Structures are given as C-alpha cells and as structure tokens.
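So the structure is just underneath, and the comments pick up after that.
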Amino acid sequence: MLAPSPAGFRRLWPLLKPHRRRLAAGGLCMLVYVACWPLLAWLAGQLIPAIGAGDFPAVLRAVGGALAVFLIQKIAQFGQDTLLAGPALRVSQELRRRVFDRLQRLEFGALEKLSAGDLTYRLTEDADRVGEVIYKTIQDTTPSALQLVVVLGYMIWLDVPLALATLLLAPLVAVLVSVFGARVMAAAERSQKQVSELAALLGEAIGGLPLVRAFAAEPWLQQRFDEEIDLHRQARYRTLKLLALQHPVVGFIEAAGILAVLLIGAARIQAGGLDSQSFSSYVAALLMLIDPISHLTTNYNEFQQGQASLRRLRAIEAEPIETPDRPGARALPTGSVRGELVLEKVSFGYDPAQPVLHDLNLHITPDQVVALVGPSGAGKSTLFSLLLRFNTAQRGRVLLDGHDLADLQARELRRTVALVPQRSNVFSGTVAEAIAFGRPASRAQIVRAAELANADGFIAALPDGYDSRIEERGSNFSGGQLQRLAIARAVLGDPAVLLLDEATSALDAEAEEAVQRGLHQAMAGRTVLVIAHRLATVQEADRILVLEAGRIVEQGTHDGLMARGGRYRDLCLRQFIRLEAEAQTSVS
Ligand code: ADP
C-alpha cells in the first residue's frame with residue numbers, strides 16, 4: 001500500500017536509458033553509502049558498552065572506525081548526488097521538450113481550447129514539480145528505500161523476535177501514510193487546478209488591461225481576482241492542514257514505536273536472549289530508520305502532487321495533433337510553382353456535422369489578385385486555413401498547380417503559401433531574425449525581402465540596422481513598421497501564393513501608404529488572396545469574391561459588382577465606406 005502507483009512516472013523510464021552509465025556510477029556510490037549504515041550501527045554497538053565499561057582503548061577504536069566510515073559515506077553520498085542529478089534534470093528537460101514539441105503540433109482547434117496562461121503554468125510549474133519528483137525519486141527515495149531494507153535486514157540478523165515486534169509497528173505507519181496520502185493528493189489536485197485557473201485569469205486580465213480600464217471595469221476584475229485568490233487560498237489551506245496533521249501523527253506513532261521496542265529489548269536482555277552490545281547496535285539501527293521513513297513519507301506526498309502535475313502535463317499529449325502528411329506525400333518542385341489554385345466542390349466544417357464552407361468551386365490563375373469580402377463569420381479565415389492546410393477539406397479537393405494539397409508535405413506547402421496575418425505579431429529577437437523566422441537565409445536575402453516590403457528604409461535607419469532588437473510583442477516598433485516586417489517575413493521564401501489578412505485598425509496616412517507600397521511590391525508576380533478591409537484593395541483586385549455563410553454569393557470586379565447592385569454593393573456601402581470614413585477621422 002505504501003508503494004506509490006508509478007503508472008505515470010513509469011513511462012518516463014525510457015528517457016533515463018541514454019544515461020545508463022552515469023546512473024550505474026551513481027548507483028555504485030549509493031550502494032557504498034547505504035552499506036555504511038549497518039557498519040555504523042555495529043560500531044555503535046561496540047562504542048556504547050565500551051563507554052559504560054570505561055574501556056578507553058575500545059572507545060578510541062570504535063570512534064576512529066566510525067569517523068573513517070562516516071568519511072567514506074559522505075564522499076559516496078556526494079558522488080551519488082552529483083552523478084544522479086544530471087540524468088534526473090535531463091529527464092525533466094526532455095519531458096518539457098516533448099510536451100512543447102507536442103504543443104507546436106497541436107490542432108489549432110485544440111490549442112484554442114487551452115488558455116495561454118494555463119499552458120504556461122503547465123509547462124513551467126507542473127513541469128518543475130514533475131522534475132522535482134524525478135530528481136527526488138532517483139536521488140533520495142531510492143537510497144532511502146535501500147537504507148530501510150538494508151538496516152532492517154541487519155536488525156533481523158541481530159535479533160529476530162525484536163525485529164518482528166518492530167515490523168509489526170511498520171504497517172500501522174504505512175496505513176496512516178497511505179490514508180493521508182490519498183487525501184493530500186486530492187487536495188493537491190484541487191489546489192493546482194485553482195492555481196492554473198488563476199494563471200488563466202491573469203493571462204486574460206493582463207492582455208485586457210487597457211480594455212478593463214477603458215470600461216472602468218477595474219472593480220469588477222478586482223472582484224473576480226479576489227474570488228479566485230480566495231478559492232486558491234482555501235484549496236491550499238486544505239492541503240497544508242492535511243500535511244500539518246500528517247507530520248505529528250506519524251511522528252507520535254514513531255516515538256511510541258521506538259519506546260515500545262526499547263521495552264521489549266530490555267525484556268529480551270533480561271531473558272538472556274540478547275547481549276547489550278547487540279542491543280546497542282539494534283537501537284542505533286532503529287534510529288537509522290527514522291530518516292529514511294520520514295524521507296519516504298515526504299517524498300510520497302510530493303510524488304502524489306507530482307502525479308497530478310504529470311497528469312496535467314500529459315493531458316496536452318492527449319489533445320489531437322495536426323493531421324500528419326499522408327504516406328508518400330510529395331514536396332513541391334521548388335522555384336517552379338506557378339500558383340494556380342483550384343477548389344473543387346470543397347466543403348469543410350470544424351465539426352464535420354456543421355459545415356462552415358459549402359461546395360466551394362473556384363479557379364484562381366497564377367498572379368491573380370483575389371479579394372475576399374463578406375460579413376464576419378462567413379468563412380474567409382477558414383478558407384485560408386484550408387490553403388495553409390491547417391485544416392483539410394472533408395469533401396472536395398484543393399489543388400495547387402494541379403497537386404491536391406492533401407498529397408503534399410504540409411511544411412513544403414507552407415514554404416510556398418505565405419501568410420501575412422492581420423495582427424502582425426513578430427517574435428522578439430533581432431530584426432533579421434524576425435524576417436528569417438528560423439529559415440536559413442543570407443543577409444542579402446533578408447535585405448531583399450525587406451526592400452520588397454518597403455521596410456529596408458526604416459530598418460537601415462535604426463541604430464543597429466538589421467541587428468536591432470525587437471522587444472516582446474514588438475512594443476518598440478510602430479504598427480506600420482511591424483506590418484512591413486510581417487510582409488518581409490512572408491516574401492522571404494519567395495512564395496508563389498500570398499495570403500493576406502488586411503489589418504482593420506487604421507494607420508495614419510503616411511504609415512498606411514508605406515505599408516501599401518510594401519504590399520504592392522510584395523504582391524507582384526504572386527497569386528494573392530486578400531481578406532479585404534480597405535476599399536482601395538477591393539478596387540484594385542482582379543477579382544472580388546463575396547462570401548456569405550460559407551458560400552460564394554457573388555463575384556466579379558468592383559465596378560461590375562457595384563453596377564449590379566447586389567450583396568457586394570450593400571456590403572461596400574456598409575463596410576468599406578464606413579471603414580474609410582473611420583480611417584479619415586482617426587487621421588484628422
Ligand atoms: P471570417 O474569417 O469570414 O470572419 P471564419 O472563417 O473565421 O469567418 O469563421 C467561419 C465560421 O467558422 C464561424 O461560424 C466561426 O465561428 C467558425 N469557426 C472559426 N474558427 C473555428 C474553430 N477553430 N473551431 C470551430 N469553429 C470555428
């Protein structure tokens with residue numbers, strides 16, 4: 001019962017395999033360390049009666065021996081701790097790496113369900129806790145358990161009846177420990193859930209602080225926060241109360257047990273079954289049990305908490321990942337993609353029972369600029385997600401240059417279909433790194449991409465040029481600059497298809513013009529699909545598609561569609577004219 005169920009942690013064993021040699025060396029040190037305990041108990045058996053008898057030479061021998069054994073033991077302990085720490089830390093690092101790797105491959109739907117705060121908590125706090133358990137198990141629990149076994153073996157060898165009496169007390173402790181353990185675990189899980197809810201709220205709150213202030217909603221948010229931290233305190237208090245109760249109870253049982261053993265030992269000496277030297281050794285050995293038992297109980301509790309953490313970490317692995325490439329999936333011939341896009345009766349729904357796109361048919365010739373317009377929720381972003389193969393059509397086919405996207409390697413496809421998102425989030429790092437974004441690119445290629453995006457001018461004017469640092473969330477750059485960096489990032493790999501989600505927020509006229517110039521240059525010679533929010537964009541597009549509730553309801557040029565006086569005209573009057581007007585007022 002005392003043995004923790006290692007189901008979750010057992011699956012981590014394979015991660016230790018590469019570190020066999022260090023583990024073996026550490027294990028050897030551990031054996032030396034543990035073997036010293038019965039030796040010390042034996043020496044105590046020599047020492048105590050010698051002190052009683054005033055036999056000074058014997059006392060000196062025993063003390064000298066004990067000193068030597070202690071020295072060897074402490075050196076072995078140092079070896080054990082240092083040799084085992086490395087592998088333990090590497091296992092927790094590897095675990096964190098794997099979970100993050102999984103996170104990167106999760107289906108977007110699954111990712112959206114998990115809040116950023118919660119995920120951050122899992123990958124930091126939970127991963128730390130699991131790491132701690134791995135470390136403790138290897139470096140503390142194992143030698144403690146070994147010490148328990150070896151010292152108990154020595155005690156049995158010294159006197160069987162006395163050892164039996166001692167052993168009768170052990171289950172009592174074990175039962176108490178496991179009863180508390182289960183309750184501590186449940187309480188710990190509740191308290192961890194609370195912390196992660198707190199983190200989720202914090203994540204939301206920090207992102208939304210300007211909004212909160214704008215609505216004067218601080219008292220409301222403070223109250224929500226107060227409620228959350230109160231729940232957290234309560235949950236934590238329950239755990240601490242249980243832990244507080246556990247230590248005295250277990251401690252008292254231990255003390256009573258030791259006193260009982262002393263009593264029985266005295267009776268054994270009286271009866272002539274035991275000599276005083278052996279009894280002294282026995283008592284010394286008994287005292288040597290306290291430490292490992294206390295370590296094992298503490299570690300057991302941490303183990304329970306760690307299991308809750310491991311479960312939460314592992315839950316990420318249970319989320320669905322992006323559909324992998326089909327076996328035999330092909331790469332596109334590099335450099336020769338023309339950018340012809342064809343949709344054949346494409347239907348798709350995030351929930352297959354509720355299609356978001358219905359039977360879409362579309363043929364976009366290379367180098368065409370196609371504007372997508374339509375009310376929010378019409379399926380414009382969803383169409384992008386199909387072209388990037390974030391999602392795969394349930395019915396119909398999407399073809400690029402005649403190749404079914406489903407037959408292509410997704411990573412290769414994404415090299416030739418590039419996205420300029422609405423919110424140009426660039427990662428922190430240098431400007432050059434933000435444009436390269438992990439792809440191998442020479443400085444000349446980066447500069448070329450920046451030139452195309454009309455970003456070279458402002459970058460060159462920065463104190464460190466392309467090596468200037470971008471702060472987190474690009475806070476030291478203007479909106480227009482970030483948009484141009486995002487355009488440069490998109491055109492770096494010379495993609496045949498550009499997917500552009502126009503920003504809705506208005507820039508000032510000058511910045512707007514700079515971004516537009518970058519876009520024009522970037523679009524030249526590519527097939528472009530743009531989710532349009534600006535009148536100028538739709539006016540200039542070769543073709544406009546009006547999407548409504550997942551269907552193409554109208555298509556044509558701006559003039560043609562305006563003349564027709566249908567959905568587009570309504571939309572245009574409602575949406576674009578208003579946005580233009582907003583842009584005008586925001587500038588003036
Ligand atoms: P648009 O870009 O035109 O505003 P979207 O493509 O974002 O429209 O959304 C189309 C529909 O699909 C909407 O009803 C939206 O609620 C739904 N939708 C979008 N993304 C998801 C998702 N990840 N999971 C489930 N439904 C989604």
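Numbers for residues simply follow the sequence, beginning at 1. Predicted model only: the values in this text are computed from it and were never measured. Atoms within a ligand are numbered from 1 in the order they appear, just like the ligands themselves. All values below come from the heavy atoms of this structure, side chains included, with hydrogens, waters and symmetry mates left out.
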Quiz prompt | Step-by-step side-chain contact (heavy atoms from CB on, under 4.5 Å) determination, Gln222 to Asp226 | solution = CA-CA 6 Å; Gln222 186 70 44; Asp226 287 349; 3.2 Å; yes

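Among protein heavy atoms, atom 13 (C) of ligand 1 sits closest to Gly377 O, 3.8 Å. The shortest contact between atom 23 (N) of ligand 1 and any protein heavy atom is with Glu112 OE1, 3.0 Å. If you check which protein heavy atom lies closest to atom 18 (N) of ligand 1, you get Tyr350 CE1, 3.3 Å. For atom 8 (O) of ligand 1, the nearest non-hydrogen atom of the protein is Gly379 N, 3.1 Å.
Residue Ala378 has at least one heavy-atom neighbour below 4.0 Å for each of these atoms of ligand 1: 1 (P), 3 (O), 8 (O). Within ligand 1, the atoms closer than 4.0 Å to a non-hydrogen atom of Ser376 are 4 (O), numbered from 1 in the order shown. Every atom of ligand 1 with a heavy atom of Thr382 under 4.0 Å away is listed here by number and element: 5 (P), 6 (O), 9 (O), 10 (C).
Under the 4.0 Å criterion applied to side-chain N and carboxylate O atoms, Arg224 and Glu227 are not assigned as salt-bridge partners. With respect to the salt-bridge test (charged N to carboxylate O, under 4.0 angstrom), the residues Arg448 and Asp494 do not qualify. Classification of Glu513 and Arg517 as a salt-bridged pair holds, one side-chain N sitting under 4.0 Å from a carboxylate O. Between Arg311 and Asp126 no salt bridge is recorded (no basic side-chain N to carboxylate O distance below 4.0 Å).
For atom 27 (C) of ligand 1, the nearest protein heavy atom lies under 4.0 Å away. Protein heavy atoms are absent from the 4.0 Å sphere centred on atom 16 (O) of ligand 1.
If you check each of Gly374, Pro355, Gly349, Ser381 against atom 2 (O) of ligand 1, the one with the closest non-hydrogen atom is Ser381.
With Glu322 as the partner, the salt bridge (Lys or Arg N to Asp or Glu O under 4.0 Å) test is satisfied by one option alone out of Arg414, Arg411, Arg389: Arg414. Among Leu387, Leu362, Thr392, Val342, the single residue meeting the side-chain contact (heavy atoms from CB on, under 4.5 Å) criterion with Val398 is Leu387.
Partners of His358 under the side chain to side chain donor-acceptor pair (under 3.5 Å) rule, at least two apart in sequence or in another chain, do not exist in this structure.
Between Val356 and ligand 1, no N or O atom pair is found at a separation short of 3.5 Å.
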